[in-house]
Amino acid sequence: MLSLLCFVVGGLIGWSASRGGERFQRAWPVVLRTQILVTSATLSLFAAWRLTALGQIVGPLVLAGGLWFLFIVSVASRGDRSRGEASLESWAVGPNSGFWVVPAATAFAGSSGAMIAVLANAANAAENAVCVHLMRRDAPRLQRRSTSWVDQSPLLAVALGLLLHVAGRAPSSSKDILTLAGPLLAFSGAALFAGSVVHPHNLSVPKSSHAVRRWSWLTALRVAYFLVVVVGTSSTALAVVAALSALSAPSFAPVQQAVLYGFRSGVVNAAVRWGWVLAPFGLGLAALIRWA
């Protein structure tokens, strides 16, 4: 209930902020990069630091493989698009692993589901880093070199977390950080998502039936990949996370990155419009797995 409330409040704040005029719109990239540091990087660091056994990462790595699968297919079928735009599209058709799956997995599967979802989100950092590199390289909007470390901070945070793990166990209070991460990510993610959806840059992108078709078949591949995990695992918590990933709300990051890097992507906008259709089915399947 708290996560749902945070989604609603964050979305309303983000929508209100988007009405702040041209000055606020120019500052939006700074807001987006601040969010990357405060939430995504922090979550990645503590997830890696709290690892207690090698076996914990097997399920999350399988889930992270779904993003690599979508990335390879999207880049291979990009046509005349740049690799950067294809990377953005692969992210757009992927699950919302941080701002949706983590809060929902916490609600349905408790600390076990939260841990798997957080570790999967941290494991996604490697694929995300490749996408960010390609998007920055091919960005229509010139990127300052000094902002690269911020954009890549989730991967750097995972590396730092692993180093801290080798040096010693994470403090017990770090468990509370991961638990509170669900509502926090729901709030910040919804706020920046809503503000980016109605940003003039994305509103100016024309609707395209080709973009909807491309989003549809790439999303179908995502659903198929994660449903295989649901069927193939004996772990209830992993099955819940996989179900929420298969039938996920649209990823919050791509519509923000479209503003940040200047891509005019019809696939990103299609994901924003149609991706929410799957989310109720994901919640229903997660509930069925949890209480069956």
Side-chain angles (χ1 to χ4, degrees), residues 14-15 18 25 28-29 32 65-101 124 127-143 151 189 192-228 244-282:
W15 180 85
S18 70
Q25 290 163 12
W28 198 244
L32 296 178
L67 270 68
W68 285 108
F69 171 60
L70 293 171
F71 170 77
I72 292 170
V73 173
S74 181
V75 171
S77 62
R78 72 183 186 278
D80 59 357
R81 297 171 179 81
S82 68
R83 286 186 174 85
E85 184 173 355
S87 299
L88 178 62
E89 291 177 346
S90 75
W91 204 324
V93 300
N96 189 329
S97 60
F99 300 111
W100 180 263
V101 176
N124 290 339
E127 189 272 344
N128 292 347
V130 173
C131 289
V132 167
H133 169 73
L134 294 174
M135 287 189 290
R136 287 181 60 89
R137 187 194 66 182
D138 298 335
R141 182 173 294 141
L142 185 63
Q143 303 294 300
D151 294 355
L192 296 181
F193 174 79
S196 297
V197 166
V198 295
H199 193 282
H201 172 83
N202 287 319
L203 291 178
S204 67
V205 178
K207 295 181 180 179
S208 164
S209 58
H210 171 74
V212 174
R213 289 194 300 272
R214 182 167 170 79
W215 169 81
S216 298
W217 70 263
L218 285 171
T219 300
L221 291 179
R222 179 196 89 204
V223 173
Y225 180 95
F226 288 104
L227 286 183
V228 168
L244 292 168
S245 300
L247 301 164
S248 170
S251 179
F252 288 171
V255 71
Q256 301 171 32
Q257 292 161 336
V259 176
L260 196 62
Y261 299 125
F263 289 105
R264 294 171 54 81
S265 173
V267 172
V268 168
N269 284 358
V272 168
R273 290 196 305 272
W274 297 104
W276 289 101
V277 174
L278 299 176
F281 296 99

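Between the side chain of Arg264 and the backbone N or O of Ser204, at least one donor-acceptor pair lies under 3.5 Å. Between the Asn96 side chain and the Ser248 main chain, no donor and acceptor come within less than 3.5 Å of each other. Under the 3.5 Å distance criterion, the side-chain polar atoms of Ser74 are matched with a main-chain donor or acceptor of Ala86.
Residues Ala92 and Ala271 approach most closely at O-CB, 3.6 Å, considering heavy atoms. Heavy atoms only, all atoms of each residue included: Ala211 and Ala270 are closest at O-CB, 4.2 Å. Pairing each heavy atom of Ser90 with each of Leu70, the nearest pair is CB-O, 3.7 Å.
Residues Val267 and Ser208 have side chains not in contact (no heavy-atom distance under 4.5 Å, counting atoms from C-beta outward). Taking the side chain as every heavy atom from C-beta outward, Gln143 and Met135 never approach each other to under 4.5 Å. The shortest distance between side-chain heavy atoms of Trp91 and Asn124 does not fall below 4.5 Å. You'll find the side chain of Arg137 stays beyond 4.5 Å of the side chain of Ser82, heavy atoms only. Looking only at side-chain heavy atoms (C-beta outward), Pro250 and Val272 stay at 4.5 Å or farther from each other. A heavy-atom distance below 4.5 Å is not found between the side chains of Arg141 and Tyr261. Ser77 is listed as a side-chain neighbour of Arg214, based on a closest heavy-atom distance under 4.5 Å. In this structure the side chain of Gln257 never reaches within 4.5 angstrom of the side chain of Phe263, judged on heavy atoms.
Residue Leu244 holds its CG atom at 11.5 Å from OG of Ser97, rounded to the nearest 0.5 Å. Expressed to the nearest 0.5 Å, how far SG of Cys131 lies from CG of Leu88 amounts to 8.5 Å. Distance check: Glu85 CD to Ser265 OG gives 5.5 Å after rounding to the nearest 0.5 Å.
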Evaluation steps, side chain to side chain contact (heavy atoms under 4.5 Å, CB included), between Trp68 and Val130: CA-CA 10 Å; Trp68 285 108; Val130 173; 3.8 Å; yes
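For Arg83, the salt bridge (Lys or Arg N to Asp or Glu O under 4.0 Å) criterion is met by no residue, not counting sequence neighbours. Every residue was checked against the salt bridge (Lys or Arg N to Asp or Glu O under 4.0 Å) condition with Arg78, not counting sequence neighbours, and none meets it.
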Sequence neighbours left out, cut at 3.5 Å: what donor-acceptor pairs do the side chains of residues 216-226 make with other protein atoms?
residue, atom, partner, partner atom, Å
Ser216, OG, Val212, O, 2.7
Thr219, OG1, Trp215, O, 2.6
Thr219, OG1, Trp215, NE1, 3.1
Arg222, NE, Ser245, O, 3.3
Arg222, NE, Ala246, O, 3.2
Arg222, NH1, Val93, O, 3.0
Arg222, NH2, Ala246, O, 2.8
Tyr225, OH, Val62, O, 2.7
Tyr225, OH, Gly66, N, 3.4

